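Report on the following structure.
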Amino acid sequence: MDKFIINGKKRLTGEVTINGAKNAAVAILPATLLVNGVCTIENLPNISDINIYCDILKTLGVKITQIGPNTIEVDTTKISCIDAPLDMTSKFRASYYLIGALLGRCHRAVVGMPGGCQLGARPIDQHAKAFEALGATVEIGQGKIQATTDKLIGNSIYFDIVSVGATINAILAAVLAEGVTVIENAAKEPHIVDVANFLITMGADIHGAGTDIIKITGVKELHGGSYSVVPDQIEAGTFMLAAVATRGDITIKNCITKHLDPLSAKIEEMGAHVEEINGDTLRVWCDERPKKVNIKTLPYPGFPTDLQSQMGVVLATAEGTSMITESIWESRFQYTAELNKMGAQINAQGKVAIFEGVEELYGAPVAASDLRAGAALIIAGIAANGITEISHLEYIDRGYEKIDEKFRALGADIKRITE
Ligand code: EPU
């Protein structure tokens, strides 16, 4: 079991370059199954979720060739319409995109019940609703999801709730369906636009991605091509909050500054500074103790739930009492118990957490409970006085490429040890 050992109280300064977005990449990879040809995917993050996805695609007969550190070639010309391996697909959440993609390509999909970070109940009823609207039969049970159809026919889909995964899955299933599909109450996250842009590049007819109504006109076939994954909004936000938490000064390169507006607004409300250097570079710095703010997580363009725990670290040492309301996930405050071991004073009850800002955190042994909680604990360890030991790095490895190297380059004293 690997651990991070962090010798804290370091002010982070310098430049960091952001990788491609995990949550776009884990949808674009299965989307290649809809293509009859060869796709080159650039700016692919080198993280464990992507490695597992490539392994799953290989079991379906997809040929994958690494042609650069962050570039692969995916040949989906000949695939086998067989069940996806249950043990592999149930390891992570984004395996549910195989259902939309395989339904589109093979008219049949069998996938293990998706696993992933423990954030509370993670139903997939809206995904099933979309597949059924397009003419598929969906059965969920015995640890797997099975969807079959003779043919997919475009239809209206009105989602009861805003869901990133269900919106992308509906797009995947509709791209090769006969006729027109209209998705209403769609999610608007940047990675939805990115998946749509990938499919459009390969010949799909999709309008409105990034708004709450998406119209897809089915096409007969998608062709191969090249695509570069959008920069990771959440990785960029993680480094922005690391600058504030350590009272540092970080220039964040290769990000889309517009995607970070909900976070930039909050950082400025706390009294720290964000300067847009150009459309893809931001400088974030903090000279004094940030002031309290209240946060409510919401679907894009609201404050992202995936930056909630990193923001929690900042609020743990902000001046005054702050409140975070988590409105997306049932259980995303597990990290607060770990921060309390480091001297924070956080009272989390259900979907609300109250942060009584303390002067400083001190190092302690802590455990990551999910991907973003892990990132938050790294930031806390770098800011805290003393030594912090973080276990369960497997969560962090799922979504951040070389996170320790990147923090070291900014002045953190962090090392990875294998016990
Ligand atoms: N929901 C349902 N029914 C459904 C689908 C979702 O009730 O059929 C509920 C969920 O339980 C949740 C809410 O709707 O309360 C939103 O869930 P959503 O479907 O939007 O989440 P997701 O697609 O499973 C993606 C990201 C998450 C991110 C959320 C919200 C991927 C692979 N995962 O999950 O990312 O928190 O959107 O933005 O894209 C992370 O990266 O750390 C992470 C957890």
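Reckoned from all heavy atoms, side chains included, excluding hydrogens, waters and symmetry mates. Since the model is a prediction, treat every value here as computed from it, not as a measurement. Whatever order the structure lists ligands and atoms in, that order sets their numbers, starting from 1.
Counted by atom type alone, Q308 and E326 present one or more donor-acceptor pairs between their side chains at under 3.5 Å. No side-chain donor from either of N254 and T17 sits under 3.5 Å from a side-chain acceptor of the other. In this structure, a donor-acceptor pair under 3.5 Å is absent between the side chains of N278 and K253. E394 and H392 form a side-chain donor-acceptor contact under 3.5 Å, judged by distance and modelled atom types alone. Side chains of E356 and T321: a donor-acceptor N/O pair is present below 3.5 angstrom, by distance only. In the model, N169 has no side-chain atom that pairs as donor or acceptor with a side-chain atom of Q126 under 3.5 Å. Side-chain polar atoms of T251 and E15 form no donor-acceptor pair below 3.5 angstrom.
Contact annotation: for R372 versus ligand 1, heavy atoms closer than 4.0 Å belong to the side chain alone. Residue-level proximity to ligand 1 for K129 is absent, since no heavy atom of it falls below 4.0 angstrom. When heavy-atom distances to ligand 1 are checked against a 4.0 Å cut-off, F159 has no atom that comes that close, whether in backbone or side chain. Contacts between D306 and ligand 1 below 4.0 angstrom, taking non-hydrogen atoms only, involve the side chain exclusively. Only the side chain of R332 comes within contact range of ligand 1, with a heavy atom under 4.0 Å; no backbone atom does. Residue I234 does not touch ligand 1, judged by heavy-atom distances below 4.0 Å.
In the candidate list V162, D160, T305, L371, T305 is nearest to atom 30 (C) of ligand 1, counting heavy atoms. Here atom 13 (C) of ligand 1 lies nearest to I328 when heavy atoms of I192, I328, V26, D370 are compared. Scanning Y97, W329, Y96 for the heavy atom closest to atom 29 (C) of ligand 1 points to W329.
In terms of polar-atom proximity, V164 is counted as a contact of ligand 1, with an N or O under 3.5 Å from an N or O of the ligand.
Around atom NZ of K215, no more than 12 heavy atoms belonging to other residues, nucleotides or ligands sit under 6.0 Å away.
Judged as a salt bridge (Lys or Arg N to Asp or Glu O under 4.0 Å), the pairs with a partner in residues 298-308 (not counting sequence neighbours) are, in order, D306-R332. For residues 399-419, the set of pairs meeting the ring-ring contact (aromatic ring centres under 6.0 Å, His included) definition, not counting sequence neighbours, comprises F239-F407.
Residues H223 and T201 come closest through the heavy atom pair CE1-O, 3.2 Å.
Ligand 1 has K22 within reach: a non-hydrogen atom of the residue lies less than 4.0 Å from it. In this structure, E235 does not count as a contact residue of ligand 1, since none of its heavy atoms falls inside 4.0 Å of the ligand. Residue contacts with ligand 1 leave out A166, since none of its heavy atoms falls under 4.0 Å from the ligand.
Below 4.0 Å from some heavy atom of I124 lie the following atoms of ligand 1, by number and element: 4 (C), 8 (O). Atoms of ligand 1 found under 4.0 Å from any heavy atom of Q126 (numbered from 1 in listed order, with element): 3 (N), 4 (C), 8 (O). Of all atoms in ligand 1, listed by their number and element, those nearer than 4.0 Å to a heavy atom of G165 are 19 (O), 23 (O). If you number the atoms of ligand 1 from 1 as listed, the ones under 4.0 Å from a heavy atom of I161 come out as 1 (N), 2 (C), 3 (N), 6 (C), 7 (O), 9 (C), 14 (O).
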